[in-house]
Amino acid sequence: MGITQSMLAMLETGDRRGSDATKMAIANYYGVSVEHIFFGSNITKRDKEDK
């Protein structure tokens with residue numbers, strides 16, 4: 001995918017948001033849409049902190 005394991009972990013936990021290109025690379029790797037991965041019903045830690 002072109003990203004480190006630690007970057008992927010930070011994206012998963014919401015500690016980093018990632019660029020659009022990174023999001024597209026991850027979605028393509030898993031064969032799903034960007035929306036499915038990043039805009040699903042899961043609320044990340046960062047989302048909670050922003051409220």
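We use all heavy atoms of the structure for the numbers below, so side chains are in, but hydrogens, waters and symmetry mates are not.
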Working to the nearest 0.5 angstrom, can you tell me the gap between Thr4 OG1 and Met10 CE?
6.0 Å
Any chance you could measure Glu12, atom CD, to Ile26, atom CD1, to the nearest 0.5 Å?
8.0 Å
Sequence neighbours excluded, the answer for side-chain contact (heavy atoms from CB on, under 4.5 Å) partners of Val32 is Tyr30, His36, Ile37
Return the set of residues passing side-chain contact (heavy atoms from CB on, under 4.5 Å) with Gln5 (not counting sequence neighbours), or none when no residue passes.
Ala9
So which heavy atom on Ala27 is nearest to which on Ser33, and how close?
CB-C, 3.8 Å
Could you report the tightest heavy-atom contact between Arg16 and Leu11, atom names first, then the distance?
O-CD2, 3.5 Å
Please list all pairs passing the side chain to side chain donor-acceptor pair (under 3.5 Å) test where one or both residues lie in residues 19-29, with sequence neighbours left out.
Ser19-Thr22
